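Okay, structure first, notes after.
None of these values were measured; they are calculated from a predicted model.
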Amino acid sequence: MNIIQRPDTYSLTSTIKDFIIESDWVSSTNSYKDILFEVLLNGNSILKESYVPDASGKIYVRDLGGFLENYLSGSLAKGKQDISKEFSFKIDNQVVGSSTVLFCKATTGEAANLFYGKRLLNLQYLNKITIPGSKEYISVFSSVEGKPIQARVIYKKNNSLRYSETKPVYINNYASGFYTYDVSFSKILSNFPEIEQRNIVAYMIIYSDVAVEYKVDWETYLDPKFFIYLNSFGVPESIVCRGETFRKGVQTFETSKINKLEHKYNIQRADTFEVSSGKIYSHTDYLLLREMFSSEDVRCFFNGKYRKIIITEENSNISYRSSSFTPVKFTFRFADSKENISLLDSFTWILENGTWNDKGLWYDSGQWNDKPQNN
């Protein structure tokens with residue numbers, strides 16, 4: 001038996017190599033020998049199959065990545081990322097090697113760059129527009145000694161037209177392994193208490209040889225929608241949609257007649273929401289939106305909580321040659337039909353979490369404070 005090709009020491013599920021095995025010729029049967037192929041995880045067999053060689057004596061074990069994906073997953077709800085494991089391979093009950101495999105849906109370069117900490121666990125955008133209040137994440141994986149993540153802030157100083165930069169500040173330790181870091185504006189700002197918030201125009205996250213710049217959008221939006229989802233590596237990513245949101249009320253119910261009068265019962269809400277992305281700044285925004293549409297776990301911040309949603313339709317006609325960017329629209333519904341929140345629920349949440357004053361301004365302090373006017 002001769003193994004012509006096998007998975008690399010580090011592999012991605014999307015690009016893992018097939019096994020190509022050359023079987024031995026058995027003269028007594030005048031045929032090539034069948035082989036028993038096995039995959040093990042933590043010493044336990046998860047796949048055991050017998051293969052018959054082709055006419056040239058070769059055996060191909062294909063699509064290992066699709067199978068191994070079943071044992072790798074991330075979770076927004078639990079905050080747990082179980083996206084990389086070591087799998088061992090046996091042929092005819094003999095161990096012939098192993099591969100540490102990382103979950104990935106995209107074909108994205110050499111796996112070694114990710115495992116050696118030379119790449120971030122995203123599609124490696126280097127610029128992103130964020131707004132205060134949006135979640136931002138950076139995820140890294142390093143099988144060797146961990147590298148620090150640093151942050152620096154770019155800001156205006158004393159109303160000057162020139163920008164100043166802070167010195168880099170370390171925001172993590174040197175541990176190796178897998179980590180997701182919260183690099184939201186508010187989180188980074190806490191490391192630079194001496195800088196006035198409104199003076200910050202951008203901040204940079206630096207890891208290894210990669211630097212990601214987050215430009216801060218200070219525009220006022222009436223009702224931006226914040227989304228988080230699992231990206232192509234099964235780790236958290238985020239998007240802000242600055243456009244309008246429309247709610248379409250949909251209900252399902254049954255009817256029956258009692259004393260010749262029709263009655264309605266078993267009423268359930270199946271409302272849908274149409275969201276516009278609003279302004280698109282670059283093709284990176286389209287890439288992030290497309291990735292979110294393909295994600296199996298997407299959540300929308302709605303009435304004080306990130307709620308799981310199902311994206312049902314999208315309208316993403318994108319021209320890669322045009323110099324103008326067209327907003328993208330998509331429709332979603334809540335995964336839990338009980339979370340189809342009505343307008344009344346919105347007012348209830350406001351009453352529980354804020355304060356209205358006599359000038360019609362709402363403050364997030366948790367009480368109703370609208371005093372009656374004196375006649």
Side-chain angles (χ1 to χ4, degrees), residues 69-70 73-80 133-135 221-231 234 236-278 289-317 327-357 360-370 372:
E69 273 187 10
N70 298 317
S73 63
S75 172
L76 289 176
K78 298 179 181 179
K80 180 183 179 182
S134 171
K135 284 288 187 181
Y221 299 97
L222 181 61
D223 186 25
K225 285 291 178 286
F226 303 103
F227 297 88
I228 58 175
Y229 63 93
L230 293 180
N231 69 11
E237 189 58 79
S238 65
I239 283 179
V240 179
C241 289
R242 299 163 172 83
E244 290 186 290
T245 300
F246 297 92
R247 173 180 168 271
K248 180 180 180 181
V250 179
Q251 61 174 258
T252 61
F253 58 89
E254 298 177 54
T255 62
S256 64
K257 286 187 176 181
I258 302 176
N259 295 329
K260 298 183 179 181
L261 293 177
E262 193 172 35
H263 293 265
K264 181 178 174 180
Y265 66 96
N266 195 20
I267 303 169
Q268 296 185 18
R269 302 300 308 181
D271 300 356
T272 61
F273 298 80
E274 184 183 85
V275 180
S276 171
S277 65
L289 284 164
R290 185 182 66 180
E291 197 175 31
M292 182 177 75
F293 297 154
S294 302
S295 176
E296 296 178 355
D297 194 348
V298 184
R299 294 166 191 265
C300 176
F301 189 79
F302 208 84
N303 282 3
K305 178 183 177 182
Y306 275 99
R307 306 168 190 271
K308 187 168 184 178
I309 63 171
I310 305 295
I311 296 177
T312 56
E313 296 179 35
E314 59 162 302
N315 176 19
S316 53
N317 296 319
V328 172
K329 291 183 179 180
F330 61 95
T331 302
F332 74 84
R333 60 179 170 82
F334 288 104
D336 184 350
S337 60
K338 295 178 182 178
E339 291 186 332
N340 281 299
I341 302 166
S342 69
L343 185 61
L344 179 60
D345 294 319
S346 300
F347 282 130
T348 302
W349 181 78
I350 288 173
L351 292 177
E352 291 176 350
N353 295 275
T355 298
W356 287 100
N357 67 8
L361 299 177
W362 175 66
Y363 297 95
D364 185 10
S365 57
Q367 61 180 339
W368 181 264
N369 194 31
D370 191 13

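E262 and T255 share a side-chain donor-acceptor pair at under 3.5 Å.
Take N259 and apply the side-chain hydrogen bond (donor to acceptor under 3.5 Å, both in side chains) test, not counting sequence neighbours, and it matches no residue. S238 meets the side-chain hydrogen bond (donor to acceptor under 3.5 Å, both in side chains) test with K128, E136; sequence neighbours excluded. Qualifying side-chain hydrogen bond (donor to acceptor under 3.5 Å, both in side chains) partners for E69, counting only residues two or more places apart in sequence or in other chains: none. For the ring-ring contact (aromatic ring centres under 6.0 Å, His included) test, no residue two or more places apart in sequence or in another chain qualifies with F226. The salt bridge (charged side-chain N to carboxylate O under 4.0 Å, His left out) check on K329 picks up nothing, with sequence neighbours excluded. Under the rule for a side-chain hydrogen bond (donor to acceptor under 3.5 Å, both in side chains), the partners of K264 that lie at least two apart in sequence or sit in another chain are Q251.
Taking the six-membered ring where the residue is Trp, the centroids of F302 and F334 are separated by under 6.0 Å.
Between the CD1 atom in I309 and the OG1 atom in T331 there is a gap of 10.5 Å [rounded to 0.5 Å]. Of the inter-residue distances, the one linking K225 atom NZ with I239 atom CD1 reads 15.0 Å to the nearest 0.5 angstrom.
Residues F293 and V328 are in side-chain contact: their nearest non-hydrogen atoms beyond the backbone lie under 4.5 Å apart. Contact annotation: the side chain of D297 never approaches that of Y229 to less than 4.5 Å [non-hydrogen atoms, C-beta and beyond]. Looking only at side-chain heavy atoms (C-beta outward), Y306 and C300 stay at 4.5 Å or farther from each other.
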Stepwise, does the side chain to side chain donor-acceptor pair (under 3.5 Å) test hold for N266 with E254?
CA-CA 6 Å; N266 195 20; E254 298 177 54; 2.8 Å; yes
